[in-house]
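Written out below as structure tokens is the structure these notes cover.
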Amino acid sequence: MIAGRYTLEREIGRGGMGAVWLGRDEMLGRAVAIKRLGAVPGQDPDDRERAERAEREARLAARLSHPHVVAVYDLVEQDDEQYLVMEHVDGTNLAGYLRAEGPLSPDRAAELLGQAAEALAAAHEAGIVHRDVKPSNMLVTADGQVKLSDFGIARAEADPSLTRTGLVTGSPAYLAPEVASGASATARSDVWSLGASLYHALAGHPPYEVSDNVLGALYRIVHEEPPRLEQPGWLGPLLEATMCRDPEQRWDMATVSDVLQRGPGSSAPTPPLPRRHDTRSLETIAPVTTGGHPTVIPSAEPPPGPATGPTTGPATGSGTPSEGRRRGALAPLALGAAVVAVLVVIAFAVGQGRDPGGDGAAGTDPTSTAGSTPEDTGSAQPERPSAEDIEEFASGYVSTAVADPEEGFALLTPSYQRASGGLDGYTGFWGSVREVRDFEMVEADPVSGTATYDYTYRRAGVGTVSERVELTLQQQPGGDLLISGARTL
């Protein structure tokens with residue numbers, strides 16, 4: 001029982017801010033979703049930031065009483081833990097919906113994304129920028145209602161508390177170019193992200209593949225023209241007007257919402273013609289975490305000296321410039337790539353509580369998104385996870401992998417991600433899992449760092465399968481758990 005009022009039934013997901021449980025409000029007799037946020041604020045900076053984000057999510061969502069926004073009911077504390085009590089939405093997220101249904105028609109895509117655009121237009125009207133708009137943050141009910149969730153990294157435009165110059169927030173595949181290059185997110189950044197989500201709905205995949213080369217994807221987002229669909233139907237002009245590199249030339253969210261809701265007969269504004277993009281050197285690009293979870297990482301400051309001309313060619317962190325590149329740009333590019341690579345290493349060393357933006361389940365194909373463990377405030381090494389921590393992580397992982405394979409993939413160590421065939425290989429399995437039932441822990445062993453469980457799942461084209469799986473877990477420097485191996489027993 002939480003706060004003498006809320007009971008926890010079962011874990012139904014895991015995001016960047018913590019585990020999410022299906023619960024029950026005993027006072028009002030209704031189902032609720034309860035997000036466990038972790039320790040209450042203490043002396044540790046991470047604890048304070050986590051608490052600030054939780055309180056901000058509650059405040060911002062409370063300001064948005066909208067039919068297409070997941071309502072936040074309460075923020076409570078119990079046994080030095082914080083819990084956010086929210087509306088329970090019975091359904092899947094748009095990412096899972098698209099995996100099951102495949103690419104959508106323009107009319108169907110407009111019907112679903114139009115509801116998210118309406119919610120975002122209301123948020124922008126209230127001065128709130130979401131900053132992590134993506135399909136896995138759009139919940140879809142059985143009757144086709146869409147509700148926008150996870151305002152965990154949203155902020156009011158007048159509140160600069162967590163928006164410092166050079167910080168990047170969001171999920172890589174849907175980041176606006178200005179955010180990918182280190183600028184602060186604005187309402188027009190949300191417009192790009194909604195356009196990228198619409199692209200995903202029409203194509204059946206995100207506009208950018210980021211699993212194997214995050215830096216290369218960020219480079220493409222910042223420097224190259226956005227990808228275009230061959231047959232977007234009547235939504236072509238809207239895609240051009242939302243995925244436009246110049247934020248000043250994008251439509252505002254109210255216009256996007258209006259066009260989507262009025263349908264193919266609407267007289268949409270003429271889409272803007274993108275101006276010549278003022279490209280910047282790679283050293284201005286700040287990395288974001290892999291796996292779809294948002295993080296906040298300082299970007300590298302550009303080196304002093306005269307500006308160089310635009311560069312061409314993909315950025316891989318160690319590649320050579322094309323013949324057409326000016327000789328003077330070589331040194332800054334190499335320095336910038338080195339700095340960015342160091343920042344990626346630092347990001348993993350600090351530890352990654354993963355968000356965002358998912359779906360997943362674990363079986364013979366593993367995934368990894370850091371689970372939440374208590375922060376160590378007394379020694380250099382984090383406390384070894386308990387059996388309860390391991391059991392909670394394992395059950396949460398399976399729920400996440402089924403709901404959002406990209407989120408599940410982020411719960412794997414980098415080496416195990418590669419051993420699993422990358423994101424494509426991982427989603428090839430988990431994307432076909434339709435339902436998991438009869439999950440039961442067999443053993444959670446803190447000494448060996450393993451979790452063994454029995455579960456039954458239904459897989460498309462295969463049918464019902466029952467397996468016993470052993471996960472091998474690896475604790476990260478920050479205390480989070482990732483999966484370094486898995487086998488069927």
Side-chain angles (χ1 to χ4, degrees), residues 60-61 63-71 87 89 91 93-95 97-98 104-141 143-151 154-157 170-171 174-176 178-179 185-203 207 226 229 232-244 246-272 357:
L60 293 177
R63 285 168 53 181
L64 287 175
S65 178
H66 193 278
H68 297 303
V69 173
V70 175
E87 172 188 7
V89 180
N93 58 43
L94 183 59
Y97 182 88
L98 293 173
L104 304 182
S105 69
D107 288 355
R108 181 57 175 161
E111 180 183 356
L112 296 177
L113 273 297
Q115 298 177 58
E118 183 183 345
L120 287 166
H124 293 173
E125 180 68 22
I128 298 170
V129 180
H130 190 283
R131 302 201 300 173
D132 195 24
V133 176
K134 59 183 180 180
S136 59
N137 279 340
M138 301 173 192
L139 305 182
V140 184
T141 67
D143 61 354
Q145 293 297 302
V146 173
K147 287 182 177 285
L148 189 64
S149 70
D150 202 349
F151 279 80
R155 69 173 177 90
E157 289 182 320
S171 299
Y174 310 95
L175 278 180
E178 66 273 15
V179 180
T186 67
R188 296 300 173 99
S189 306
D190 280 353
V191 170
W192 170 286
S193 298
L194 184 87
S197 299
L198 179 62
Y199 181 107
H200 186 165
L202 293 171
L229 294 173
W234 64 272
L235 291 175
L238 188 144
L239 282 173
E240 293 183 20
T242 52
M243 294 185 70
C244 169
D246 185 348
E248 294 182 3
Q249 294 194 18
R250 292 175 205 149
W251 292 349
D252 61 24
M253 193 63 76
T255 301
V256 173
S257 173
D258 183 60
V259 171
L260 287 173
Q261 292 184 56
R262 284 193 294 167
S266 62
S267 55
T270 302

Compare every heavy atom of [Y] with every heavy atom of [X], then report the nearest pair and how far apart it is.
X: Val129; Y: Ala187; result: CG2-N, 3.8 Å
X: Met243; Y: Pro207; result: CE-CB, 3.9 Å
X: Gly114; Y: Ser257; result: O-OG, 4.2 Å
X: Ala116; Y: Leu194; result: CB-CD1, 4.1 Å
X: Tyr199; Y: Leu239; result: N-CD2, 3.9 Å

Selection residues 110-122 - residue pairs positive for side chain to side chain donor-acceptor pair (under 3.5 Å), sequence neighbours left out |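 Listed once each, the pairs are His68-Gln115, Arg108-Glu111.
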I'd like to know if the side chain of [X] pairs up with that of [Y] as donor and acceptor (distance under 3.5 Å, no hydrogens or angles considered).
X: Asp107; Y: Ser105; answer: no
X: His124; Y: Asp190; answer: yes
X: Asp258; Y: Thr255; answer: no

Exam field: side chain [X] to backbone [Y], donor-acceptor pair closer than 3.5 Å:
X: Arg188; Y: Arg250; answer: yes
X: Thr242; Y: Val191; answer: no
X: Trp192; Y: Cys244; answer: no
X: Ser189; Y: Thr186; answer: yes

Taking the side chain as C-beta and beyond, is there a heavy-atom pair between [X] and [Y] under 4.5 Å?
X: His130; Y: Asn137; value: yes
X: Val256; Y: Leu198; value: no
X: Pro135; Y: Tyr97; value: no
X: Leu94; Y: Leu113; value: yes

Could you tell me the separation between the CE atom of Met138 and the CG atom of Leu112, rounded to the nearest 0.5 Å?
->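 If we round to the nearest 0.5 Å, Met138:CE and Leu112:CG are 10.0 Å apart.
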Determine, step by step, whether Leu235 and Leu229 satisfy the side-chain contact (heavy atoms from CB on, under 4.5 Å) criterion, reporting the C-alpha distance in whole Å, the side-chain angles of both residues, the deciding distance to 0.1 Å, and the verdict.
-> CA-CA 10 Å; Leu235 291 175; Leu229 294 173; over 6 Å; no
Counterpart residues, salt bridge (charged side-chain N to carboxylate O under 4.0 Å, His left out), relative to Glu125 (two or more places apart) =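 Testing Glu125 for salt bridge (charged side-chain N to carboxylate O under 4.0 Å, His left out), a comparison that skips the adjacent residues, returns none.
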Is any side-chain N of the basic residue among Glu87 and Lys147 closer than 4.0 Å to the acidic one's carboxylate O?
->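 Lys147 and Glu87: salt-bridged.
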Sequence neighbours left out, what passes side-chain hydrogen bond (donor to acceptor under 3.5 Å, both in side chains) with Ser193? Give chain and number order.
->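 Ser193 satisfies side-chain hydrogen bond (donor to acceptor under 3.5 Å, both in side chains) with no other residue.
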